[in-house]
Amino acid sequence: MESDKIQPRQRDITRLCIQCALLLLQHGAESTLVEQLSFRLGKALGVDNVESSISANAVVLSTVHHGHCLTSTRKNIDRGINMHMVTEVQRIVILAEHRLLDIDDVQMRLDNIKPLRYPRWLMVLMVGLSCASFCKLAGGGWD
């Protein structure tokens, strides 16, 4: 009877941990941070252990709770570096560790994170200025 209650909760925690890992990996976090934050989230939500294997193409994550092991694999799609996404995921993990978020709150917040994007015109301007600066540093002229 008790294992019937454990498995759905462990399955939800496993899904949240791998969602956390994927969001971090997709937006440029280094693999050590991905592994640490997914582990910390799992522990904060109540599993005994979280093990992960991270590659450029996929994440394999296992949770262990009361001797039951659940493993999940997800394919990684690179979405470009976005430190806003990384810091938002970190913030969610910290809130969960401080018991300010439960499983449902973590799920809602992870689902609602949206990447911030700079306007194209601003990116073109800044890249142009940086290229001009490197040219000037290398002894080139403004033309």
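A quick note: this is a predicted structure, and the numbers were derived from the prediction, not measured.
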Are L33 and E30 side-chain neighbours, meaning at least one heavy-atom pair lies under 4.5 Å?
-> yes
Would you mind reporting whether L70 and H65 have side-chain heavy atoms less than 4.5 Å apart?
-> no
Using the rule that Ile, Leu, Val, Met, Phe, Trp and Tyr join whenever any side-chain heavy atoms are under 4.5 Å apart, tell me whether [X] and [Y] fall into a single cluster.
X: I94; Y: M108; result: no
X: L122; Y: L116; result: no
X: V34; Y: V60; result: no
X: V64; Y: I103; result: no

So, taking the atom named [atom1] in [X] and the one named [atom2] in [Y], what distance separates them when rounded to the nearest 0.5 Å?
X: L23; Y: M85; atom1: CG; atom2: CE; answer: 5.0 Å
X: L37; Y: Q90; atom1: CG; atom2: CD; answer: 5.5 Å
X: L110; Y: C17; atom1: CG; atom2: SG; answer: 9.5 Å
X: I77; Y: L25; atom1: CD1; atom2: CG; answer: 11.5 Å
X: L95; Y: R109; atom1: CG; atom2: CZ; answer: 5.5 Å
X: I54; Y: L22; atom1: CD1; atom2: CG; answer: 9.5 Å

[X] to [Y] - nearest heavy-atom pair and separation:
X: R9; Y: L45; result: NH2-O, 2.9 Å
X: I92; Y: L101; result: O-CD1, 3.8 Å
X: T63; Y: V47; result: CB-CG1, 4.2 Å
X: A21; Y: S38; result: CB-CB, 4.2 Å
X: V89; Y: C20; result: CG1-SG, 3.6 Å
X: I18; Y: V59; result: CD1-O, 3.7 Å

Using a distance-only test with no angle check, is there a side-chain donor-acceptor pair under 3.5 angstrom linking Q19 and D111?
->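 Yes, D111 and Q19 have a side-chain donor paired with an acceptor closer than 3.5 Å.
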Side-chain H-bond candidate by donor/acceptor type, S72 with T14, under 3.5 Å = no
Is the backbone of H68 close enough, under 3.5 Å, to the side chain of Q10 for a donor and an acceptor to pair up by distance?
->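 Side chain of Q10 to backbone of H68: a pair is present.
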Short question: side chain of R99, backbone of A44 - any donor-acceptor pair under 3.5 Å?
-> yes
Quick one: list whatever passes side-chain hydrogen bond (donor to acceptor under 3.5 Å, both in side chains) with N49, sequence neighbours left out.
->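 Scan of N49 (side-chain hydrogen bond (donor to acceptor under 3.5 Å, both in side chains), adjacent residues dropped) gives E51.
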Test Q26 against N82 for side chain to side chain donor-acceptor pair (under 3.5 Å), laying out the working first.
-> CA-CA 9 Å; Q26 288 173 343; N82 191 323; over 6 Å; no
Can you confirm whether more than 12 heavy atoms, excluding those of [X], are under 6.0 Å from its [atom1] atom?
X: M126; atom1: CE; answer: no
X: M123; atom1: CE; answer: no
X: I81; atom1: CD1; answer: no

